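Following: one structure in structure tokens, then a few remarks.
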Amino acid sequence: MFFRMRSLFANLPFRDKIRLIGAACIILAAPKILALIIPLPARLSECPSKSVLFNDGIPAHVFLSCDGKWRMPVKLEHVDPRYTESLIQFEDKRFHWHFGLDPFALFRALAQNIKAGHTVSGGSTLTMQVVRVLEPRPRTLISKAIEAVRALQFELRFSKREIIEIYMQYAPFGKNIEGVAAASLAYYGHLPAELSPEQIAVLLAVPQSPADRFPDPKNYSELKKTASAIGSRLKERGVFKRHSLTPDFSNIPRYLKNFPRKIPHAAQISAADFRNRNTIRTTIDSGIQTLAEDILDSEKNSLNMQKINNAAVLILENSSGQIKAAIGNFDFWDEKHGGQIVGYKVPRSPGSTLKPFLYAMALEKGLALPETLLPDVPMNFAGFSPKNFDNKFSGLVSLETALSQSLNIPFVSLLKHIGVEEFLNKLRKMGVTSFSSQPERYGLSAIIGGLEVTPEELAGLYATLARNGKWKPVKWVHTDANEAPSATIFSEGSVWMVKKALSIRDRPDFPNRRSINDKVSGIRWKTGTSFGQRDAWAAGFNQNYTVVVWLGNFDNSASSALIGSESAAPVLFNLLEGLSGRSTSDDADLQPPDVFNAEVCSFSGLPATDACERRKNVHVLASARHLKSCPYHVKVDVDLQSGKALTQMCKLRRPHYSKVFMKLPVDVRRWITDTSQNLPNPPPVAESCSPPQSLEGPRIVSPAAGHTVLLIAGLGAEKQKVALEADLPDSSDEANWFLNGKYLGSTSGHDRLWWTPSAGEHELALTDGSGRTVSRRIRVKNHD
């Protein structure tokens, strides 16, 4: 027959051969074409439950699917292979050989049904069961025929692996639970990656009659009986025997477990950020998350009693930049206080927590050393008069002390030298995006809380210090995307000096509690309190982890307890101490190669001059070569007879001796005088000597250059007087003030003259006793 057909085909014209081949191809391809054309069941396109996982892959939070089901996507490699083998052996042992229909199973079912006189077996394959689950129909012969056609379509559209995965995702397991992954969580509290024989038998038993067999006290007997029978059958078929397993049906579940609803804030954020992903594996460590929740929860009642209703905690792993714990609020379900607001994503005033980064910038620019003295006295910066938290002033303090004591005036002065925009750009390089891109919006108050950052951004900043100046982006979720590039923001030397200042224990923000122990030796920390006591912050790190704690109220209400050192710092230390068991040993920081020793003036901390009689060795950066020499010590040649200063020429013909005097900045001299303290000054120059040429000229301190005075409407000008302040080389000299050529008055070198302003452009001039003059343009405007 074959040879005859081949002969007939050979004798056909070429055109007929082509037509015959084409027709054969169409006939053969028709089933596949139809399978592709006919729409698949609509349920296949419904979104499943979205799962947010902990770092180790354990579910942390599961959301309902779009159609209100607990239905999680399943991959075959994530399911215990013994369950897959058992499923095929129990439901469709010829699954890998048929095309959706199993003739042997159908004939067997038909024989059983005829013998019994009613339907006892359907002979359905796994593929047909998938169709029935996706498109439920009445159990009729017509429905069976439709299911058979659909099964053939599925076999042509999907691989055997995909059909198994569809079954494992949609199989009914009682109530609104679908799929083996959701069932394993609801029955046993874990995913089906590893299942016992008993669990496998239960998961095979329920889909046959979900309403009568899902875990429930009323279903217990039926479920145990059916599962035992299935286990025996699988054992007879050698499935469990091959794996050396014996079913034990003493722990059949009686109740459904709640689906995991942990880390609700992080879960909500992750689900929103990754809308197209059904399974999101975060970097959060379940153990560290539990530790953080327990510690914050232990403080909750006490803080609530002090009218502190909201909180946020972040724990970041330094080496990777991964978030290991995230708490967005005290209680996610606290609707009264905005519990569902994600606290670590909300920009808030950071108080003094940004000072370490300006400190590092000042060191790198050679503006100061840790020991360099800076003024801490009342100052006016073009109308901005910052104060310290305790409303006290220290006169002159070292930069390191200013940081450890969290003094405001020295850092406002540093920001003025460095520039607000340059400081903001440095923060932007470390991932801070919360503040406005308009530089004119911020002034010198930016360093003491005049801008806003989120706890997440602050964690990224402090982790940069923990990594010795290397920034990495904060990471929340494992993705297939390439890691974002890291960047070196600060030198190792500058960070090493910052760490020294942040590790000083004798500080106002060191928690006063007996539970502090030697574990604190490896902790560097800084606290912050916003203006009006609306935010309390504590940020710190050890070798392995960075922790940020924020406390406050989302309705912006203040609390006298919202002080970083008193409310946030104890939580920070509890967290870092709790993490100490997870940390490697914190070796002492070794002096980095860009730090070396140099001699400086013991008083000022600046490069010593001949007048500096006492000196000391300190750590400096290479950039310290730009530092000016000590300006505070002045060596004066004093006339032995009159006690007055002599110039270089005068001293050649008069008996004299040399003496070192302290010359302090004008602001410090004025503060010392205002506080009734004695101020030894260098003697005036002898009358017969000309003024020394080396002395600087006078300087206008206030109003600042370029400052515009704004007059408040409705308030008399006499109540808006402007302070005229001068810095004279000789503090005993007299400052003579002139406005638009008219004499205003005179003051001593450390006194102020108060001027009643009027709208317009003015020329302000200052003349000292030697006739040297300096002038400045002053603009006064009425405030609209």
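Remember, predicted model here, so these are calculated numbers, not experimental data.
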Practice problem: Kindly indicate, with the supporting measurements, whether the criterion side chain to side chain donor-acceptor pair (under 3.5 Å) is fulfilled by Asn55 and His478. | Solution: CA-CA 8 Å; Asn55 186 53; His478 292 281; 2.6 Å; yes
Self-check item: Chi angles and distances behind the side chain to side chain donor-acceptor pair (under 3.5 Å) call for Gln199, Ser184
Solution: CA-CA 8 Å; Gln199 293 170 347; Ser184 183; over 6 Å; no
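Results of the side chain to side chain contact (heavy atoms under 4.5 Å, CB included) test with Ile230 over Leu203, Leu204, Val202 single out Leu204 as the only residue that passes.
With hydrogens and angles left out, the side-chain atoms of Gln169 and Glu165 include no donor and acceptor closer than 3.5 Å. For the residue pair Gln208 and Thr226, no side-chain donor N or O sits within less than 3.5 Å of a side-chain acceptor on the partner. In summary, the side chains of Arg150 and Gln153 do present a donor paired with an acceptor at a separation below 3.5 Å, with no hydrogens or angles considered.
Using a 4.0 Å cut-off between charged side-chain N and carboxylate O, Asp80 and Arg82 make a salt bridge. Ion pairing between Glu317 and Lys472 fails under the 4.0 Å rule for side-chain N and carboxylate O. With respect to the salt-bridge test (charged N to carboxylate O, under 4.0 angstrom), the residues Lys345 and Glu457 do not qualify.
The environment of NZ in Lys336 is sparse: at most 12 heavy-atom neighbours from other residues, nucleotides or ligands sit within 6.0 Å. The number of heavy-atom neighbours closer than 6.0 Å to CD of Glu222, taken from other residues, nucleotides and ligands shown, is above 12. Under a cut-off of 6.0 angstrom, the local environment of CG in Asn258 is sparse, with at most 12 non-hydrogen atoms contributed by other residues, nucleotides or ligands. Counting heavy atoms of neighbouring residues, nucleotides and ligands inside a 6.0 Å radius, atom NZ of Lys175 does not exceed 12 of them.
When side chains are defined from C-beta on, Asn278 does not count as touching Met72, because their heavy atoms never get closer than 4.5 Å.
A distance of 8.5 Å separates CZ of Phe63 from NZ of Lys50, quoted to the nearest 0.5 Å. Atom-to-atom distance recorded for Leu458:CG and Trp550:CH2 is 13.0 Å, nearest 0.5 angstrom. One finds the CD atom of Glu178 at 9.0 Å from the OG atom of Ser49 (value rounded to the nearest 0.5 Å). Separation of atoms OG1 (Thr546) and CG (Leu316) is listed at 5.5 Å; rounding is to 0.5 Å. Atom NZ of Lys93 and atom NE2 of His98 lie 12.0 Å apart (nearest 0.5 Å). Atom CG of Leu575 sits about 6.5 Å away from atom CG of Leu291, to the nearest 0.5 Å.
Geometric assessment of Lys160 against the ring of Phe95 yields a positive cation-pi assignment under the 6.0 Å and 45° thresholds. Annotation: cation-pi geometry not satisfied between Arg157 and Phe154 (NZ/CZ under 6.0 angstrom from ring centroid, within 45° of ring axis).
Between His265 and Phe332, a ring centre-to-centre spacing shorter than 6.0 Å is recorded. Checked against the 6.0 Å centroid criterion, the rings of Tyr344 and Trp476 qualify as a close aromatic pair.
Minimum heavy-atom separation, Ala211 to Asn219: O-ND2, 3.5 Å.
Under the 30°/60° scheme for interplanar angles, the aromatic rings of Phe173 and Tyr187 are found to stand perpendicular.
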